[in-house]
Amino acid sequence: MGLPFRHAVCMAALLSCAAPAMAGTVPADIVFTNGYIYSVDKKDHVYQALAVRDGRIAYVGGNARAARYVGPATQRVDLGGRMMMPGLVDGHMHPLEGGKSLMGCSLDYLPLTHDEFSQRVRACTANPALRRPNGTLVVRGWFQEAMKPAGVRLTKADLDRIDARRPIVVRSTFGHTTLVNSAALRMAGITAATKSPAGGEIVHDARGQPTGVLEDVAQDLVERVDPPLSADENVQAARASLAAMREQGITGFLDAWALESDLSSYTALQKSGELTARAHFAPLVEPATGADVAGNVQRLKAIAAQYDQGPTGVDPGITVRNVKFFMDGVIAAPELTGRVLQPYYVNAGTKGAPHWVPGTSLGPDPYFPPAILGPLLQGVVQAGFDPHMHADGDGAVHIALDGVQYVRDHLPHADFRPAIAHDELVSPADVPRYRPLGAVPVLSFQWEKEGPDTVDAGRDFLGPERAKAMEPAWPLYKAGARIAYGSDWPVDRLNEWFALKVGVTRTNAPEAGEKYAHPLGDAPGLPRPEVLRAITMNSSWELRSDTQTGSLERGKLADLIVLDRNVMQVPAADIANTKVLLTMVGGRVVYNRDGTIALKAATGGAR
Ligand SMILES: [Zn+2]
């Protein structure tokens with residue numbers, strides 16, 4: 001649908017030229033007026049009105065001119081002062097796992113005592129419907145770091161007391177730890193003699209027996225016990241994840257560890273017209289294969305050739321342009337699998353009278369040694385992919401930045417957008433490197449608060465200096481880094497609005513209690529425009545869709561949301577309570593809370 005050229009130029013100049021002829025204006029499908037339309041354009045302009053035509057934004061500006069876009073078939077929506085903003089783009093999540101977490105047995109991310117844990121798992125064992133077809137009970141939503149009192153360690157014996165006969169597999173919310181019972185170890189064939197795989201650990205007790213705790217890649221060893229879901233079950237989980245996303249206002253996401261099952265499930269939903277968010281996928285490069293650059297590139301290209309649907313269109317599609325690498329695990333106890341530059345602290349005193357001193361462990365060896373990482377990243381970038389590196393500890397971040405530096409040195413003209421996810425600890429010397437390297441820190445703002453994982457499971461082990469510097473959003477922002485947001489769902493419950501609130505306040509929810517009532521660390525939170533930009537424009541940039549999504553500007557896709565409150569104006573704590581009233585993707589309404597906004601569901605888009 002071509003606008004007359006003169007008119008297009010005029011509109012691009014943002015209403016600064018003389019009124020165009022009425023005849024030159026093609027009516028829109030929908031015209032919103034009387035809104036607080038927060039554009040996230042270069043200057044965060046706020047407008048009153050926005051028109052959608054053929055799935056794109058035909059106009060954004062004042063009320064008066066919006067009237068020109070109203071034709072006989074145009075739907076008109078009076079926003080009554082409500083806030084509209086770009087749809088949320090989640091730059092790092094695990095949507096299929098998220099969908100699974102909404103089904104089956106879950107511990108619901110709750111802080112639990114040993115007894116409460118046992119009671120809840122036992123209750124699940126009593127419900128046969130919760131078992132896999134092979135008899136295994138899979139338990140999700142285990143907030144391992146929040147076990148009460150702090151420092152509680154569970155082993156296979158705890159699960160054996162609940163059910164010694166049938167396998168139990170408990171998945172931690174951080175995704176780095178799986179706890180299994182003896183029956184599961186037997187079924188998996190894990191014995192005292194089984195060696196830990198590269199990039200993972202089978203934890204052993206003092207007598208050399210496996211404790212039932214499997215870290216990182218070692219979790220793959222229980223695949224026989226908790227086999228992959230069937231294709232139908234996966235599609236069901238993917239469907240559930242999209243429903244949760246629509247309600248949150250998510251219109252685009254990066255699946256930050258895309259397996260075949262992820263790609264095929266969302267592709268199936270795309271084919272049946274059920275894909276309601278723009279889906280980006282990052283297949284994983286396994287640490288053990290790091291030296292095989294050509295083999296990895298060939299495999300990644302084959303995945304992209306099979307699934308990537310090419311340039312972004314009005315309807316949500318499937319994109320395979322990112323590649324996932326794990327540099328380390330997590331810096332929280334009990335894992336302490338994050339790679340750090342200075343040793344973790346250990347308690348040289350007693351439980352009652354602790355005395356924390358530097359120990360000797362820097363965490364595991366880097367999952368990709370620097371000599372392997374540089375050439376690997378170079379090969380992946382040359383093949384047209386953007387690396388997305390999980391790096392949690394400052395040691396891993398340092399290696400990731402060095403890897404990016406290696407590619408910049410060897411391919412000085414390469415156009416690539418490296419992302420470093422999590423960045424919970426960054427050496428002050430590395431903070432200024434993100435900007436010149438064009439590396440995007442993908443932060444999970446909801447971690448920037450006092451809580452069991454930061455206070456109880458973090459502070460003592462890091463020592464006072466590093467504990468104060470955890471979650472360095474502020475220094476990264478001051479150093480000019482382009483900060484993007486990624487929820488990492490289902491590591492936490494999917495709650496983008498709570499995360500944005502924490503990004504601003506660095507405080508926990510009031511329900512978390514007095515113990516966690518203070519802001520985390522010394523640094524302030526980010527300004528509101530910056531957190532909103534992180535989850536819209538900057539995450540779109542990370543995913544190379546910034547010319548199409550991330551802001552409300554003429555010509556861009558109509559991916560937008562309407563909120564029940566103005567997150568730029570309400571008290572910061574209240575951002576957490578935000579409800580999305582309307583979610584629109586490519587001009588199509590995919591979520592309309594209680595029908596609050598009078599708009600037909602099938603509206604918009606020529607399709
Ligand atoms: Zn993740």
Side-chain angles (χ1 to χ4, degrees), residues 88-102 109 140-145 171-178 199-200 215-217 219-220 237-238 241 244-245 248 250 252-259 261-263 266 277 279-287 320 322-332 335 337-339 363-364 367-368 386-393 396-397 400 418-426 439-448 453-454 471 473 483-496 499 534-535 539 542-543:
L88 308 184
V89 177
D90 192 318
H92 180 120
M93 59 151 60
H94 306 285
L96 194 61
E97 289 303 309
K100 290 178 199 171
S101 76
L102 301 173
Y109 304 79
R140 297 180 192 280
W142 172 38
F143 193 174
Q144 181 188 14
E145 293 73 14
R171 306 285 190 180
S172 74
T173 56
F174 279 25
H176 295 272
T177 307
T178 294
E215 302 282 3
D216 288 314
V217 174
Q219 298 175 98
D220 296 351
S241 77
M245 286 192 233
Q248 290 282 317
I250 297 169
F253 64 85
L254 174 70
D255 180 335
W257 183 351
L259 304 172
S261 50
D262 298 56
L263 286 153
Y266 289 93
H280 297 254
F281 294 87
L284 181 73
V285 171
E286 299 275 0
V320 184
N322 301 84
V323 177
K324 176 70 177 292
F325 303 84
F326 278 98
M327 298 293 120
D328 66 347
V330 291
I331 57 170
E335 292 100 336
T337 47
R339 178 74 182 178
Y367 291 180
F368 291 94
D386 288 322
H388 186 101
M389 292 177 270
H390 167 121
D392 203 37
V397 168
I420 302 178
H422 310 324
D423 316 81
E424 288 200 272
L425 206 56
V426 180
V440 179
V442 183
L443 307 183
S444 297
F445 295 144
Q446 73 275 11
W447 300 344
E448 299 168 0
D453 45 341
T454 47
E471 314 293 347
I483 295 172
Y485 175 76
S487 65
D488 212 10
W489 185 48
V491 167
D492 299 279
R493 269 198 198 95
L494 187 64
N495 192 343
E496 312 282 81
I535 197 169
S539 44
E542 172 205 342
L543 303 178

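When a ligand or atom number is given, it counts from 1 through the structure's own listing order. Along the sequence shown, residues carry numbers from 1.
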Over 60° means perpendicular and under 30° means parallel, so tell me whether Phe281 and Phe253 are parallel, tilted or perpendicular.
perpendicular

Interatomic spacing from CD1 in Ile535 to CG in Asp90 - rounded to 0.5 Å:
6.0 Å

Run Tyr485 and Gln446 through side-chain hydrogen bond (donor to acceptor under 3.5 Å, both in side chains) and show every step you take.
CA-CA 10 Å; Tyr485 175 76; Gln446 73 275 11; 2.8 Å; yes

Between His94 and Asp255, a side-chain donor and acceptor under 3.5 Å
no

Assert yes or no for the condition that the ring centre distance of His388 to His280 is strictly below 6.0 Å.
no

Result, protein N, O or S atoms below 2.8 Å from the Zn ion (ligand 1), excl. waters, equals 3

Would His92 and His422 count as a ring pair (Phe, Tyr, Trp, His ring centres under 6.0 Å) if you check the C-alpha gap in whole Å, the side-chain angles of each, and the deciding distance to 0.1 Å?
CA-CA 9 Å; His92 180 120; His422 310 324; 4.7 Å; yes

